[in-house]
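Below is one structure, written out as structure tokens; the observations come after it.
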Amino acid sequence: MGVFRLNGKAVSEVLGYILVLSVVVATITVIYAAGMPAIRSQEDIAVFRSMENTFYVLQNVERLVAYNITPEKAVTVRAEGGSIAVIPDWGILSICINKSGKYKFNKSYSYPYGAIIYLGNNGKGLILDNGVILEAYGNAVFPASANSIRVNNRLLIYPRIFREGNDIYISLINLKGDVSFSGQKMLIFNNTKTTLIYNTSVSQIRIRVSITNASKFGWNNTQITELWLNSIEYALNGTIKKWKGPSDWIVINPPKGKSLNVTIAIYNVTVSG
């Protein structure tokens with residue numbers, strides 16, 4: 001019985017093929033290991049931008065229903081890479097009104113209100129809060145310092161709270177509902193009631209927004225409240241003496257010898273699905 005032997009040339013070719021294959025496999029492994037985090041990062045960015053577009057749609061629907069342009073509207077929403085929920089006890093809008101001009105606040109109002117949130121699997125999120133869209137970043141994403149979190153939380157859409165001369169308009173959209181889901185769901189927005197709380201002249205007004213439940217989702221209540229207060233201060237040309245925390249008030253004074261004309265309206269919207 002004969003014995004099969006490889007000659008030197010055949011052995012060299014086999015070893016060459018093995019060497020080339022090893023180099024190719026090693027190269028692919030290195031590229032895969034180095035490139036996959038970048039690919040996943042780009043995928044996360046694309047998902048988050050897609051959810052931003054979804055929240056712009058939700059914001060438009062919310063306002064159409066809240067202002068009774070259409071009393072009811074349905075929209076199909078997909079929660080990509082995370083979950084969406086209605087949070088009825090999201091925050092509190094507080095308002096104090098001085099009618100006498102003697103530094104005594106005669107009326108005080110406190111309005112709890114709800115919001116819609118998107119919580120991504122990486123801790124990043126979006127918040128639809130009284131017609132405002134905020135980007136929120138949790139400690140899981142930027143654990144190094146509070147400053148890095150503060151820089152990245154930001155408002156995308158500003159509130160329907162504004163001032164024209166001595167006329168001040170404060171709009172509060174209060175969302176209610178028991179909805180929480182991942183994947184795809186049809187949400188139905190219903191206008192339940194609109195209440196005109198106040199429409200008169202005043203000598204001074206103080207406003208405070210307190211976000212109370214962001215911490216349940218890994219976000220910072222105080223930092224999101226600070227964003228809110230800064231946006232209101234800018235919109236109403238008010239003053240915050242010094243930022244100390246959620247208990248701070250924005251004070252709005254009229255020009256000397258004049259009054260402020262204040263309108264406060266509460267728009268109640270129920271979300272079901």
Side-chain angles (χ1 to χ4, degrees), residues 52 55 58-59 62 66 84-97 105 108-120 123-163 168-176 197 204-252 262 264-267 269:
E52 277 186 6
F55 265 63
L58 290 175
Q59 184 233 22
E62 179 192 64
I84 291 176
V86 177
I87 312 299
D89 52 351
W90 176 255
I92 300 171
L93 174 66
S94 301
I95 300 170
C96 288
I97 289 173
F105 288 89
S108 180
Y109 301 95
S110 182
Y111 309 110
Y113 69 94
I116 297 178
I117 69 157
Y118 161 75
L119 179 62
K124 292 168 60 175
L126 293 163
I127 305 162
L128 178 57
D129 174 351
N130 189 26
V132 171
I133 299 177
L134 302 97
E135 280 186 0
Y137 293 75
N139 293 334
V141 180
F142 294 102
S145 68
N147 289 331
S148 62
I149 299 170
R150 181 176 286 109
V151 167
N152 286 283
N153 288 336
R154 65 190 183 108
L155 288 177
L156 301 180
I157 298 289
Y158 281 76
R160 290 275 296 171
I161 295 175
F162 54 85
R163 177 177 183 174
I168 290 178
Y169 178 73
I170 300 170
S171 164
L172 176 65
I173 299 175
N174 176 26
L175 282 177
K176 300 176 182 179
I197 299 297
Q204 189 185 57
I205 186 170
R206 297 193 309 180
I207 300 176
R208 180 175 69 194
V209 172
S210 300
I211 305 303
T212 56
N213 275 313
S215 58
K216 290 182 179 180
F217 306 96
W219 305 323
N220 189 295
N221 288 334
T222 301
Q223 290 165 8
I224 294 176
T225 297
E226 182 179 0
L227 277 176
W228 250 108
L229 284 177
N230 287 338
S231 71
I232 296 174
E233 179 190 14
Y234 175 78
L236 298 182
N237 190 24
T239 58
I240 306 176
K241 289 185 178 179
K242 185 178 180 183
W243 171 258
K244 296 179 182 177
S247 61
D248 277 5
W249 292 84
I250 297 168
V251 179
I252 302 102
V262 178
I264 305 169
I266 310 297
Y267 303 92
V269 176

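Please read these numbers as outputs of a predicted model, since none were measured by experiment. Residue numbers run from 1 in the order of the sequence given.
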Using every non-hydrogen atom in the two residues, find where [X] and [Y] come nearest and quote the distance to one decimal.
X: Pro112; Y: Ser110; result: CD-O, 3.6 Å
X: Leu126; Y: Glu52; result: CD1-N, 3.6 Å
X: Ile224; Y: Ala214; result: CD1-CB, 3.9 Å
X: Tyr267; Y: Ser171; result: CE1-OG, 3.4 Å
X: Gly125; Y: Trp219; result: CA-CZ2, 3.5 Å

Supply the atom-to-atom distance [X] [atom1] to [Y] [atom2], rounded to the nearest 0.5 angstrom.
X: Ile127; Y: Phe217; atom1: CD1; atom2: CZ; answer: 9.0 Å
X: Gln204; Y: Cys96; atom1: CD; atom2: SG; answer: 10.0 Å
X: Ser108; Y: Arg206; atom1: OG; atom2: CZ; answer: 8.0 Å
X: Leu175; Y: Leu58; atom1: CG; atom2: CG; answer: 9.5 Å
X: Ile92; Y: Thr212; atom1: CD1; atom2: OG1; answer: 5.5 Å

Which residues share a side chain to side chain contact (heavy atoms under 4.5 Å, CB included) with [X], sequence neighbours left out:
X: Ala85; answer: Ile87, Ile117, Ser180
X: Gln59; answer: Arg63, Leu128, Ile133, Ile157
X: Tyr234; answer: none

Review point. Just by modelled atom types, is the Ile211 backbone N or O under 3.5 Å from a matching donor or acceptor in the Thr225 side chain?
Key: yes
Is any side-chain heavy atom of [X] closer than 4.5 Å to a side-chain heavy atom of [Y]?
X: Ile170; Y: Ile205; value: yes
X: Glu62; Y: Ile116; value: no
X: Leu236; Y: Ile250; value: no

Please list, chain by chain and in numerical order, all residues satisfying side-chain hydrogen bond (donor to acceptor under 3.5 Å, both in side chains) with [X], sequence neighbours excluded.
X: Ser231; answer: none
X: Asp129; answer: Trp90, Tyr113, Trp228
X: Asn213; answer: Asp89, Lys216

Check your understanding: Do you know which of Leu172, Ile266, Asn174, Ile264 makes side chain to side chain contact (heavy atoms under 4.5 Å, CB included) with Leu93?
Key ->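 Running side chain to side chain contact (heavy atoms under 4.5 Å, CB included) over Leu172, Ile266, Asn174, Ile264 with Leu93 returns exactly one hit, Leu172.
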